[in-house]
Amino acid sequence: MVLPRKVALLNKRFLNRVVVHLAPRLPGLAVLHHRGRRSGRRYAIPINVFVRGERYLFALTYGPGTDWLKNVKAAGRCTITHRGRVVALHEPRVFRDPQRSQVPAPVRLVLKQIGADQFLEMRRASTAPRGS
């Protein structure tokens with residue numbers, strides 16, 4: 001069981017509007033920038049990020065069916081603002097890690113409690129993608 005859809009809607013309408021301004025500079029958080037796969041509209045969402053060298057991991061706390069994930073997978077790329085810098089990412093790969101071994105221990109506990117064991121992994125791109 002991942003977080004319920006009602007929590008996602010609450011976050012989208014209220015909490016994300018505040019956190020999106022703080023996340024670009026806070027450790028463990030980023031703002032993920034992507035385009036709608038049908039509308040072409042630009043979106044920015046606050047998200048937890050775990051950096052492992054050139055790899056960037058995102059826990060799929062709402063599961064793999066979210067619109068932002070579909071948009072990123074369709075485009076094959078996105079950008080994030082992390083610690084005050086824009087980072088271009090590409091090669092999205094969703095994977096399951098039941099042990100949640102790729103994230104710090106405190107995060108593992110939270111993810112286990114909500115039943116989230118799927119992640120998005122992306123690699124740092126050498127150049128910034130256009131239009132993300």
If you round to the nearest 0.5 Å, how far is [atom2] of [Y] from [atom1] of [X]?
{"X": "Tyr62", "Y": "Trp68", "atom1": "OH", "atom2": "CH2", "result": "11.5 Å"}
{"X": "His90", "Y": "Ser126", "atom1": "NE2", "atom2": "OG", "result": "6.5 Å"}
{"X": "Asp67", "Y": "His34", "atom1": "CG", "atom2": "NE2", "result": "8.0 Å"}

Under a single-linkage definition using a 4.5 Å side-chain heavy-atom cutoff for Ile, Leu, Val, Met, Phe, Trp and Tyr, are Tyr43 and Met122 assigned to the same hydrophobic cluster?
no
Heavy-atom closest pair, residues [X] and [Y]:
{"X": "Pro92", "Y": "Gly76", "result": "CD-O, 3.4 Å"}
{"X": "Asn71", "Y": "Arg35", "result": "CB-O, 3.3 Å"}
{"X": "Thr79", "Y": "Ala88", "result": "CG2-CA, 4.1 Å"}

Do [X] and [Y] have side chains that approach each other closer than 4.5 Å (heavy atoms only, starting at C-beta)?
{"X": "Asn48", "Y": "Phe58", "value": "no"}
{"X": "His82", "Y": "Val51", "value": "yes"}
{"X": "Ile47", "Y": "Leu29", "value": "no"}
{"X": "Arg77", "Y": "Val72", "value": "no"}

Would you sort out whether Leu69 and Val94 count as a side chain to side chain contact (heavy atoms under 4.5 Å, CB included), showing the intermediate values?
CA-CA 9 Å; Leu69 179 58; Val94 174; 4.1 Å; yes
For the pair His33 and Ile45, evaluate side chain to side chain contact (heavy atoms under 4.5 Å, CB included) and give the outcome as yes or no after the intermediate values.
CA-CA 7 Å; His33 307 274; Ile45 60 162; over 6 Å; no
In this structure, which one of Leu89, Thr66, Leu60 forms a side-chain contact (heavy atoms from CB on, under 4.5 Å) with Leu120?
Leu60
Step by step, would you call Arg123 with Tyr56 a side-chain hydrogen bond (donor to acceptor under 3.5 Å, both in side chains)?
CA-CA 6 Å; Arg123 291 185 330 110; Tyr56 289 73; over 6 Å; no
Per-pair distances, 0.1 Å, donor-acceptor, side chain in residues 102-111, under 3.5 Å, sequence neighbours excluded:
{"residue": "Gln102", "atom": "OE1", "partner": "Arg55", "partner atom": "NH2", "Å": "2.7"}
{"residue": "Arg108", "atom": "NE", "partner": "Arg100", "partner atom": "O", "Å": "3.1"}
{"residue": "Arg108", "atom": "NE", "partner": "Val103", "partner atom": "O", "Å": "3.1"}
{"residue": "Arg108", "atom": "NH2", "partner": "Val103", "partner atom": "O", "Å": "3.0"}

Atom CZ of residue position Arg52 - does it have more than 12 heavy atoms of other residues, nucleotides or ligands inside 6.0 Å?
yes
Under the ring-ring contact (aromatic ring centres under 6.0 Å, His included) test, residues paired with Phe50 that sit two or more places apart
none
Looking at Lys112 and Asp117, does any basic side-chain N land under 4.0 Å from a carboxylate oxygen?
no
